Structure formats: structure tokens, C-alpha cells
Amino acid sequence: MINTPTTDQGQTPEESPEKLDHVMRARLEKLTRLRELGVNPFPYGFTKTHTVESALSDFDKLSESEENVKLAGRVLSVRLMGKAAFTHIQEEAHRIQLYFKMNLLEELDWEVFQLGDIGDIFGVSGTLFTTRTGERTLKVSKLTLLSKNIRPLPAIKEKEDTVWFKWEDKEEVYRNRTIDLILNRESREKLIARSLITREIRNFLDEDGFLEVETPIMQSMYGGANAKPFVTHYNALDHDYYLRIADELYLKRLIAGGIPKVYEIAKDFRNEGIDRFHSPEFTMMECYAAYEDYHFCMDLVERMFTRLAINVLKKDVFEYDNNEISLKAPFKRSTMADLVKEKCGIDIIDRDRDELAKEVSDLGIHVDTTWGTGKIIDELFSEKVEPELIQPTFVLDYPVELSPLAKKHRSVDGLVERFELFIAGMEVANSFSELNDPIDQRSRFEEQARLKAAGDDEAHPIDEDYLQALEIGMPPTGGLGMGIDRLVLILTGAESLRDVILFPTLRPRS
RNA sequence: GGGGGAGUAGCUCAGCAGGUAGAGCACCGGCCUUUUAAGCCGAUGGUCGCGGGUUCGAGUCCCGCCUCCCUCACCA
């Protein structure tokens, strides 16, 4: 481990012994006592013969043969009865009961056990048997303390599915993921699900011929989305840099450079509000394929979800917010114009700005006088249509004003070839036929610059370097972006992004 | 930023028409060699989020602030 500064978890015991509560004080005394006994409370390893899981699954065979079994895990509960005791240890999501009996252990081991606590990590060896009350148990003949707990773990009390004293204060959970992962099974399951999801996406893209690449997080010029960036300072260059808000513009430089299929799964940063569905630091998957368009991307998304359904969810139907959602392909595909027409009866194609504004505000939606047609449509759509898109739905063809990096629609004026995928009323993917006409791109950027000058601090700056790449020439390209956090949120049924982000940003404790 | 809720022992929580802080679990001591929310007996433990104010007296009432949750706004 490298030198780490103390965190906001509190002072280390050595720093302020007078502030220790009596529990920690007692444990430090036990630690000293163990060392006096010649026991290293933090030894270097332990060789198990089985995991707790495999010991339980092979229990019948192992208990019959009475062979020696070595297990390790964290102590979660202790029931002392004088010269005998029962404890439960946990390894990963699996728990097994241990039986300690004084005259089955060497004197030193028994003494070490007496100095044990909830939260300690034990290595034990012994034989498996079933107790009088029918619980599968390891009768311990040798105890090895593997790690001494100093900071008390909340004691859980549970029987079958009932948990007393559940440790669930949201703030504590988010600030102390270590305890959360030990005590709360759902948190552990979400972590694993997230890992499986990203692995599956990588496997899928790899097998489809995409190359995983890494592009800069700190950029002198940000772009690729409409968002406010975080600003930082590069000392070596004495220059302000931005944390990227999207990977897009760099990945497309690679496409122009002749790499036909690329992707990146990494953090983006947007200096904006935090709530259940927004996190300023979030994980984005972006992929680009040369010689393809947004139709290809729709197929790609469907194939990817089919795979996630099979390999992660193990089913193609899941529940979110009391809705049963089906991931069976094909997903519904509908143009934005059709959906708006269907849900609100409003025509959005080729409309006069003021007429449209009136119709929309008649629906009770606030329309700002500065908004153009695109923004008005966007607002109408978000208000009236998005929340209804529960089953996976590809929404096609957006107003050009909203999509400065997307190619104009091949057959409809004023639109671009773009889709977003909605599930459970949330956007989970965004894709377009990438704009590769450098002249058109320049004028879109100029329009953005005009908006920026007019006070829109989320509009794109002009990226000359990117324009040069387009001037050299980028093949027709299909591009796709997918927010991984939201995807995990939906697939795991989580209520808040913070439940699927291991260490969500919280205000530092004073 | 607006509105609502929460903050009391290590954990989960009670206390409130203002009268010297409570329970269970954890922890410590004692008893207990198949228990399982183990049990029984005893002890320790709290600037009641922080800071002001009202009052003879504030966990409780008033004001300000901090943190978290929900919600709206902003926003992917």
C-alpha cells in the first residue's frame, strides 16, 4: 500500500486514543494481549481446502467422510456458552456456523478464541457435522486468527429473512461502503451485477470486432455533449484544463485515423446537479463503427441487450418500479414526431415556431420566449412522452438544433438521424449517424458558439482540432453512447444511482 | 435554489403539554460444553447534529447553520 492520507472516516486509533470509545479500547487491549501470547493478529495467509459455499454444497459427502476442512471468513455473530460457543462466519455471500468446544482445541487456540470479536476474520479447520437443531456446522479443531477487528461492526441479528437492527442509514451506507458490503447482501449483489454488466458489454463489443481504447480525461477543449465541465489546472503546462464531458470527439478522430471500430468505457464528468438519476461523475460507454449508420447501432443495442438478458439477468423480463419490462428483441421503433403526435396530438414537423409554442403552452408546459423550435419540441417530448416509454423504445429522428454532431436526415428536412433508447421512462442510450461533413460540422459549431455567446453555458465550443480530423476525412460512421450507471440502475431495480455507484460523491464531513 | 422529512449510546430506536437522559442489541465482568434474535445476573457507555435565544430550568419552544433522504427546479 502506498502512503494514504487519513480519510474523513475519523482519526486512526494511534492518533487520538483519548477519543476512542470503550469498545475500541477493549479491542486494542485484546490486540496487545494476543501479541503477548505470541499470536500475530495479522498473519500473511491461510490455505483453505474449501470455500464456505463449496463446504455447504458438498456437505453430505464431507461430513460423512469426516475429512478435515479448512475455511475462512468474517465472524458475524457469537453465542458463548462457557466452555463452548457457536459463531457464524461469512465468506462472500455465504455463511456457515462454527462450533468451538474448549476440550477440542489447543489451549492457545481457545484463549485466542476468547479474545475474538464480531468482525474478526478467522481461518478454521475441523470436520463438518449437523447440530441437534439441524444446522450444518464446522466443529473447529484449529483456529487461526487472520485479521483482528478493531473498529466494531454493527451486530446484526437475523433469523430466516427477518433482520433486526438492520444497518441501512443511507448516509452511512454511502459513506462506509466497507460495512455496507459486509452487512447488506443487496449492496453486494448490485456490485456484482454491475461488474457482470460491464464485463458482458466488453465481451460483446470485443467479439463484434470493436477495439477498446483510452482517450484523455483531462482536455484543453471539452465537447461531445451539452454540459458544464469541471475545470482543473495543469501545473506543468500552466494552463486550465477540463475534465471531459464525453469521449465522442476523440473516438471519432480514431475512426478518421482508420481504426474501424472503437469503444471506451470510462468516466465522464458533468458539473451539474446531483439527484437520484444524475451523478456528476458517471460511467459512459461509447462506441463507433465505420461505414455504419444509426440503424446499425439500433441492431447493436438490441443484440447487446439480448446478451445482457441471457448472461446477466438470466431472463428476458425484469421488474422496475412495479412495471414488468421485457427485453425481448426487437424493441419498438418509433419516430419522435409519431410519438408526439400519438401522445399529444401535436404535429412537430415543419412547424412555425410561434404556432408550435402556443400549442405546447396550451398543454400547460412552460415555453420560454428565447427557445427555438427544437428546444420546444424537446421540452414537450420530455414532459409528455418520455415518462410513458416504459418498455424499451427507440425514439428516432431529432430536431437538428438539438444534435450538433449528428448527420442530417437523409429524407426529412430539419431532422437528424439520431435515436435514443428509453426504458422505464429513462434514457439509456443515444446514437446517431455521425456528422462527417466538415463544412456542415463547422457551421453547427458556429451555431453553438453563437448560443454560447448568447449565454448558453452548455453549448459546445468550436473544436478546430476535431474539425481538422473531419477535413482529412472520416468515413460514414454510426456512434452510440450508453450510460452504464443508469443501465445498472434499471437492470438491478435500484432506486437511486447512488445504490449502484460504490463511492458516490457526498459533501465532505466537516 | 424552493418545499417536505430526518439527525438522541458503537447499531436500531423510544422520550416531548419544557423538570437532573431511556430500551434492546453490541461492549466489559460473572454463570452456562449442541446454541441460533441463545439465556440469566451485573457494570460501563451520551457536549440528545452545531451555534445562538426564551426560561429558574431546553433533547423538547424560537432563530440561524450543517449533513442526509424525498420532491420540484436546473440538468442527461
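The model shown is predicted, which means the values in this text are computed figures rather than measured ones. A, B, ... follow the sequence lines: proteins, then strands. Residue 1 opens every chain.
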I want to verify a distance call: between B/A38, B/C28, B/C68, whose nearest atom is closest to the A/Asp117 side chain? B/C28
Between A/Ser431 (side chain only) and A/Gly479 (backbone N and O only), is there a donor and an acceptor less than 3.5 Å apart? yes
Which comes earlier along RNA chain B counting from the 5' end, the contact point of A/Glu458 or that of A/Gly134, where each point is its nearest nucleotide? A/Gly134
Watson-Crick or G-U counterpart of B/C68, or none if no pair lies under 3.5 Å: B/G5
Identify whether the distance between the nearest side-chain nitrogen and carboxylate oxygen of A/Lys252 and A/Glu434 falls below 4.0 Å. yes
Suppose we call a contact any N or O donor and acceptor under 3.5 Å apart; does that hold for the side chain of A/Arg79 and the base of B/U35? yes
Between B/G29 and B/U8, how many Å separate the two P atoms, rounded to a whole number? 28 Å
Let's see if you can work this out: which of B/A26, B/U35, B/U34 has an atom nearest to the side-chain heavy atoms of A/Thr137? B/U35
Any idea which of B/C75, B/C11, B/C27 is nearest the A/Val23 side chain? B/C27
Could you state the atom-to-atom distance from CD of A/Glu379 to C1' of B/C74 in whole Å? 11 Å
So if I take every side-chain heavy atom of A/Lys101 and compare against B/U33, B/U35, B/C27, which nucleotide ends up nearest? B/U33
Base, sugar-phosphate alone, or nothing: which one does A/Leu153 contact when heavy atoms must sit under 4.0 Å apart? nothing
Let me know the distance between CE of A/Met24 and P of B/C11, rounded to the nearest Å. 13 Å
Any base atoms under 4.0 Å from A/Glu386, or only sugar-phosphate, or nothing? Heavy atoms, all strands. base
In short, salt bridge (charged side-chain N to carboxylate O under 4.0 Å, His left out) pairs touching residues 123-137 of chain A with sequence neighbours left out are none
Check whether any side-chain N or O of A/Lys30 sits under 4.0 Å from OP1 or OP2 of B/C28, and answer yes or no. yes
Return the nucleotide paired to B/G18: Watson-Crick means purine N1 to pyrimidine N3 with N6-O4 or O6-N4, wobble means G-U with N1-O2 and O6-N3, both under 3.5 Å. none
Testing B/C27, B/A38, B/U35 for proximity to the side chain of A/Lys157, the answer is B/A38
Searching all strands shown, indicate the nucleotide that pairs with B/U60 (Watson-Crick or G-U wobble; both distances under 3.5 Å). none
Between A/Phe86 (CZ) and B/C32 (P), how many Å, whole number? 17 Å
Out of B/C27, B/U35, B/C68, whichever nucleotide has its closest atom nearest the side chain of A/Ile118: B/C27
Candidates B/U12, B/A26, B/U35 - which lies nearest the side chain of A/Trp167: B/U12
Between A/Glu417 and A/Lys407, is there a salt bridge with N-O shorter than 4.0 Å? no
What is the distance from atom CZ of A/Phe100 to atom CZ of A/Phe122, rounded to the nearest 0.5 Å? 5.0 Å
Cationic N near anionic O, under 4.0 Å, A/Arg185 to A/Glu189: no
Less than 4.0 angstrom from a charged side-chain N to a carboxylate O is my criterion; do A/Glu495 and A/Arg276 meet it? no
Atom P, compared across B/A37 and B/C25: separation rounded to whole Å: 13 Å
B/U20 to B/U12 separation - P atoms, rounded to the nearest Å: 27 Å
Looking across every strand, which nucleic acid part, if any, lies under 4.0 Å from A/Glu135 by heavy atom: base, sugar-phosphate, or nothing? base
Using the P atom as the reference point in each nucleotide, state the distance between B/C48 and B/A9 in Å, no decimals. 10 Å
Under 4.0 Å: is that the gap between some side-chain N or O of A/Arg151 and OP1 or OP2 of B/G10? no
What are the atom names and distances for every N/O pair under 3.5 Å that joins the protein to nucleotides 1-4 of chain B?
none

Report, one pair per line, the protein and nucleotides 70-73 of chain B atoms (nitrogen or oxygen only) whose separation is under 3.5 Å.
| from | atom 1 | to | atom 2 | distance (Å) |
| --- | --- | --- | --- | --- |
| B/U71 | OP1 | A/Arg276 | NH2 | 2.6 |
| B/U71 | OP2 | A/Arg276 | NE | 3.1 |

Looking only at B/A26, B/C32, B/U35, the nucleotide nearest the A/Ala155 side chain is B/A26
Integer angstrom distance from the P of B/G42 to that of B/C13: 28 Å
Rounded interatomic separation in angstrom, taking CZ from A/Arg270 and P from B/C74: 18 Å
P atoms of B/G10 and B/G53, separation to the nearest Å: 28 Å
A/Arg33 atom CZ is separated from B/C28 atom C1', nearest whole Å, by 16 Å
Show, in sequence, the C-alpha distance, side-chain angles and deciding distance for A/Lys139 and A/Leu104, and conclude whether the side chain to side chain contact (heavy atoms under 4.5 Å, CB included) test is met. CA-CA 9 Å; A/Lys139 186 182 291 179; A/Leu104 290 179; 3.6 Å; yes
Quick one: look up who B/C25 pairs with, Watson-Crick or G-U, both distances under 3.5 Å, and put none if it's unpaired. B/G10
For atom CD of A/Gln114 and atom P of B/C32, their distance in whole Å: 12 Å
Using atom P in both nucleotides, what's the gap between B/U47 and B/A38 to the nearest angstrom? 29 Å
If pairing requires Watson-Crick or G-U wobble contacts with both distances under 3.5 Å, which nucleotide is the partner of B/G39? B/C31
Would you mind checking if A/Lys142 and A/Asp109 are paired as a salt bridge, meaning a charged N to carboxylate O distance below 4.0 Å? yes
Please name the nucleotide paired to B/G45 by Watson-Crick or G-U wobble geometry with both distances under 3.5 Å, or report none. none
Taking only Lys NZ, Arg NE, NH1 and NH2, and the carboxylate oxygens of Asp or Glu, determine whether A/Arg33 and A/Glu111 approach each other closer than 4.0 Å. yes
Would you find more than 12 non-hydrogen atoms of other residues, nucleotides or ligands less than 6.0 Å from A/Glu214 atom CD? no
RNA chain B nearest-nucleotide lookup for A/Asp378 and A/Met102: closer to the 5′ end is A/Met102
A/Tyr294 and A/Phe432: aromatic ring centres closer than 6.0 Å? no
Do the side chains of A/Asp117 and A/Lys30 get close enough for a salt bridge, i.e. N-O under 4.0 angstrom? yes
Without decimals, in angstroms, what is the distance between A/Glu171 CD and B/G49 C1'? 10 Å
Atom-to-atom span, CG of A/Asn184 to P of B/U12 - whole angstrom: 11 Å
Between B/G3 and B/A14, how many Å separate the two P atoms, rounded to a whole number? 26 Å
